[in-house]
Amino acid sequence: MGCFECCIKCLGGVPYASLVATILCFSGVALFCGCGHVALTGTLNILEQHFSSNASDHALLTEVIQLMQYVIYGIASFFFLYGIILLAEGFYTTSAVKEMHSEFKTTACGRCISGMFVFLTYILGVAWLGVFGFSAVPVFMFYNIRSSCDVLKALPVNYTTAAEQICVDIRQYGIIPWNALPGKACGSALENICETQQFYMSYHLFIVACAGAGATVIALIHFLMVLASNWAYLKDASKTQAYQDIKAKEEQELQDIQSRSKEQLNSYT
């Protein structure tokens, strides 16, 4: 076999569907974790500077944000390892189905592991649907603030009284208590918040983080389809393998009977 034929055979054993799902999963998790971590820090700074002057009012929120950032570290590490494991399982299944190795046989343990990955990926997909919905909440909050600022900019210059009546009260979202001061921003103060670089960056980073969570959900659905298909292939391959083993055994027994009959005939004659 030449070099070209070997390359073609190796490329034929690459699980392209699993490879695409792994790349999409890594990209989505990286966007969610990286952008979400920075956006949470920016959000906390905006609250401290403009909405909650007393540190005790947002102490619980600070602890929650720090905990979420630690969780982000764990999510990034776990999915890096899990993506590699699923990609390796894709290589294993592709090799088993296409019989790239001469003595390679599927086992009950291998099929059990494939089924376990199907179940685990399904659970993770449902969990990431919740993460995707949760990541849309800060996007909604920042969008409301940005919309209020757009209304302020659209007002004529002499409408100062009307501008001061347009406010955003962060306390109504439940992230800081009702006794937090000032708790809300109105008029020019609200417009100054929207013009800060920190607000602009946090808003767009939350959007990218939400998109990353959505990409991760798509990647897990892709993984789930690939794993379910591979498991079905392995199950059919095991049945075919069992049939071939029984057929080979019967043929061997038939040959043994024929050889014994010939020996008995020869000894008789």
Side-chain angles (χ1 to χ4, degrees), residues 6-37 68 71-137 139 206-244:
C6 289
C7 292
I8 294 299
K9 186 176 181 179
C10 291
L11 290 176
V14 176
Y16 293 102
S18 297
L19 184 62
V20 171
T22 302
I23 295 174
L24 184 60
C25 182
F26 283 172
S27 302
V29 172
L31 288 175
F32 174 79
C33 294
C35 296
H37 186 279
M68 292 175 64
V71 171
I72 284 175
Y73 297 144
I75 289 174
S77 303
F78 172 78
F79 272 90
F80 177 76
L81 179 62
Y82 189 68
I84 293 177
I85 292 174
L86 289 184
L87 183 61
E89 199 273 343
F91 274 101
Y92 157 77
T93 308
T94 303
S95 299
V97 172
K98 295 188 177 181
E99 297 178 354
M100 291 183 62
H101 307 287
S102 57
E103 297 181 355
F104 194 94
K105 291 185 177 181
T106 60
T107 61
C109 181
R111 296 192 299 273
C112 182
I113 292 174
S114 297
M116 181 193 69
F117 280 131
V118 172
F119 175 75
L120 183 58
T121 304
Y122 176 79
I123 297 299
L124 291 174
V126 173
W128 268 97
L129 278 175
V131 173
F132 175 64
F134 179 76
S135 63
V137 174
V139 176
F206 273 126
I207 294 175
V208 176
C210 184
T216 306
V217 172
I218 295 174
L220 289 174
I221 294 174
H222 196 169
F223 265 131
L224 187 61
M225 292 188 296
V226 171
L227 290 170
S229 176
N230 289 342
W231 184 81
Y233 282 140
L234 284 178
K235 187 177 180 180
D236 291 340
S238 65
K239 291 181 179 179
T240 304
Q241 187 181 70
Y243 169 75
Q244 291 176 350

### Message
Using 0.5 Å steps for rounding, measure from the NE2 atom of His222 to the CG atom of Leu86.
### Response
12.0 Å
### Query
Between Val226 and Ser18, what is the shortest heavy-atom contact and its length?
CG1-OG, 3.3 Å
### Query
Of the options Trp128, Phe79, Phe206, which is the one that meets Phe32 in a ring pair (Phe, Tyr, Trp, His ring centres under 6.0 Å)?
Trp128
### Spacing of Leu120 atom CG and Leu224 atom CG [to the nearest 0.5 Å]
10.5 Å
### Query
Hey, does Phe80 have a side-chain heavy atom less than 4.5 Å from the side chain of Val29?
no
### Query
For Phe78, does the CZ atom sit with more than 12 other heavy atoms under 6.0 Å from it, leaving out its own atoms?
yes
### Summary
Interatomic distance, OH@Tyr82 vs CD1@Ile84, rounded to 0.5 Å, equals 13.5 Å
### Summary
Between the CZ atom in Phe223 and the OG1 atom in Thr121, the distance rounded to the nearest 0.5 Å is 7.5 Å
### Message
Tell me the closest heavy-atom pair linking Val118 and Ala228, and the distance in Å.
### Response
CG2-N, 3.9 Å
### Task
State, to 0.1 Å, how close Ile218 and Leu24 come at their nearest heavy-atom pair, and which atoms those are.
CG2-CD2, 3.8 Å
### Message
Using a 3.5 Å distance criterion without hydrogens, assess whether the side chain of Ser135 forms a donor-acceptor pair with backbone atoms of Val131.
### Response
yes
### Separation of Leu129 CG from Thr216 OG1 (nearest 0.5 Å)
11.0 Å
#### Entry: Minimum heavy-atom distance Ile72-Gly36, with the two atoms named
CD1-C, 4.1 Å
### Message
So, taking the atom named CG in Leu220 and the one named CG in Leu227, what distance separates them when rounded to the nearest 0.5 Å?
### Response
10.0 Å
### For the student: nearest non-hydrogen atoms of Gly28 and Ala215, plus distance
CA-CB, 4.0 Å
